[in-house]
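Single-structure report; data block below.
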Amino acid sequence: ENLCCSYPCQNGGVCLTKGFNDYECDCTNTDFYGKHCEVPSFSKRIKLWLKPSPSTLHNLLVGNKWFWNIVNSIPFMRKFIMKRVYTIRADIIDSPPTYDNEHSYITLDANYNLSFFTRTLPPVPIECPTPMGVAGKTKLPDIDELVQKLFVREKFKPELRGTSALFSFFAQHFTHQFFKTDIKRGPQYQWGGHGVDMTHVYGKDKHDEHLLRSFKDGKLKFQTINNEDWPPLNKDVGVEMKYIMPVKEDSNFALGHSFFGNLPGLFMYATIWMREHNRVCDVMKKEHPDWDDERLFQTGKLILLGATIRIVVEEYIQQLSNYNFKLLFDPTLLFGEPFQYQNRVALEFNHLYHWHPLMPDDFNIGGTNYTIKDFLVNPRIVIKHGMATFVDSLSKQNAGSITVKNHGKYTLNVVKELMKHGRTLRLQSFNNYRKRFNLPPHKSFQELTGNKKLAKVLENFYGDIDAVEFYVGLITEKRRPKAVFGEAIVEMGAPYSLKGLMANPICSPKYWKPSTFGGEIGWEIVNTATLQKLFCQNLKEDCPIVSFKVPDFVEEQEKPLDGCDGDCQQHGGEL
Ligand SMILES: COc1ccc2c(c1)c(CC(=O)NCCNS(=O)(=O)c1cccc3c(N(C)C)cccc13)c(C)n2C(=O)c1ccc(Cl)cc1
């Protein structure tokens, strides 16, 4: 039998079977040695001893406001730290990509097959005794039962950092440009580029891009309604738009991504980025009256890409991290470092980023309450209330907390599909992923959940802590104080996120200069982009509230409920 099924090799050692009843661990380049690569080299021992634990670092970063205010105001300190953030995070990601979904060992296919999501850990070999290798039961728990017990939202739980619904839709809109599962072909396939490529604004390929462009002054097609610019109707454009329910012709708009007509929040972002592109084209045309449509368009796209990454690092991740340390987007910090400007989207990153609990059950827009049912496939709500009211309302509404029992009923099918995909593609256990990202494996269900009742429920489902599945572990893991989600989502997702952002071509030395963005003015737009400006420079009326955090949100203390021991705040004991 395959002795590698028990994952005997530690610290990144590669297991190789030797005949039918022996194996060996390849510890090359791991800084460890011994039969199971468990003995650190001297220098590694020093590094490990010096490295603060993720929780220590987290508490340092979310506390000490006075200290970080000083650091934030000293440019070289802020840059020094941000450089370490980039390099520490990027080093964890294998580049070039190593594994794919069809081999439990390294292949050349994994590198050249662009239509696959890559894999950070290879699939569990088919011949292993249990789905997780050797740990746990031979059959994984029933998905409907798992979802019913662990994910179904009974009562909406607001995100306790004050994250707003405007944030939720930004997350969904932004991530759809690089998480493009080609369901028809299978969960391991994806149909797009591997990174922040703005296809969610400009269309999935050159064909759709040409349908969306006006070919005048570099601009995208648009129509004017109620004295505001909106995307054109699809009857005049003809891109492929997919709806989850039948849609009236006057509600079928041509957008950069086929899914974005389903939710008004996505339609809102599609609209504002279209307006921003056309605004930037006007600015560029004034500065370069000699430029043709193509040059205006291409430069506009590059400027919007730069603005996107800046907003994502300095506002979106800032809100996610809740750090007092001010995150900085500055590609020059990586110049001279060993860094590869290439990215491959991982299946595990896609799973990590399933934050459907962020979605509220209903939306209050300008005083009118809409259930999700009213909201779905109804983009004209944004036109009816106007962009300013719509963005103001979403900024003032709480997002849901990414925790157990907080998936809204319209998202349960998505999470069931995700769990099925995780099993079809034989994801390794949550604990194996913790080790892969330099986190200690949890030794008990209690340690994983920080909640007695939840630990018991999980124990009944899985039997062995080393058999808990990837997504289940992410969602049931206890929260750290003042954190949006558990330690594992941060320590695993942050590397993919920063690598995906900083490996973008525009961050490379040959691109990162004013001329790429049309000169000083375009360069200025990229270097001073904010969410607030994105909206307010594209609205005729006064600037509304535009925020990823609900204004004056009081961070309530999580109430300890029954069924958990002392440290209830980690899960609010909601089970
Ligand atoms: C907490 O909540 C969050 C939540 C999301 C977060 C982050 C933090 C972070 C920052 C980070 O990675 N936080 C870990 C330790 N910090 S660190 O940067 O590695 C670091 C390491 C070593 C020394 C440091 C240091 N020294 C020198 C004192 C100061 C500051 C940071 C230091 C990134 C990127 N996120 C994502 O984009 C993200 C996007 C999608 C997913 Cl699904 C998951 C995450």
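Numbering of ligands and ligand atoms starts at 1, following listing order. FYI, side chains are in, hydrogens and waters are out, and symmetry mates aren't considered; it's all heavy atoms of this structure.
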- Task: Applying side-chain hydrogen bond (donor to acceptor under 3.5 Å, both in side chains) between N406 and each of R153, H356, K155, E154, report the one that passes.
- Result: R153
- Are F170 and F548 near enough that their ring centres are under 6.0 Å apart? yes
- side chain to side chain donor-acceptor pair (under 3.5 Å) against D330, all qualifying residues, sequence neighbours excluded: T332
Show me the short polar-atom pairs for ligand 1: any N or O of it lying under 3.5 Å from a protein N or O, with distances only.
| residue | atom | partner | partner atom | Å |
| --- | --- | --- | --- | --- |
| ligand 1 | 12 (O) | R89 | NE | 2.7 |
| ligand 1 | 12 (O) | R89 | NH2 | 3.2 |
| ligand 1 | 13 (N) | Y323 | OH | 2.5 |
| ligand 1 | 19 (O) | R89 | NE | 3.0 |
| ligand 1 | 37 (O) | S497 | OG | 2.8 |

- What pairs with S53 under side chain to side chain donor-acceptor pair (under 3.5 Å), at least two apart in sequence or on another chain? T56
- Looking at R434 and E487, does any basic side-chain N land under 4.0 Å from a carboxylate oxygen? yes
- Item | Non-neighbouring partners of Y316 that pass side chain to side chain donor-acceptor pair (under 3.5 Å), sequence neighbours left out | Y353
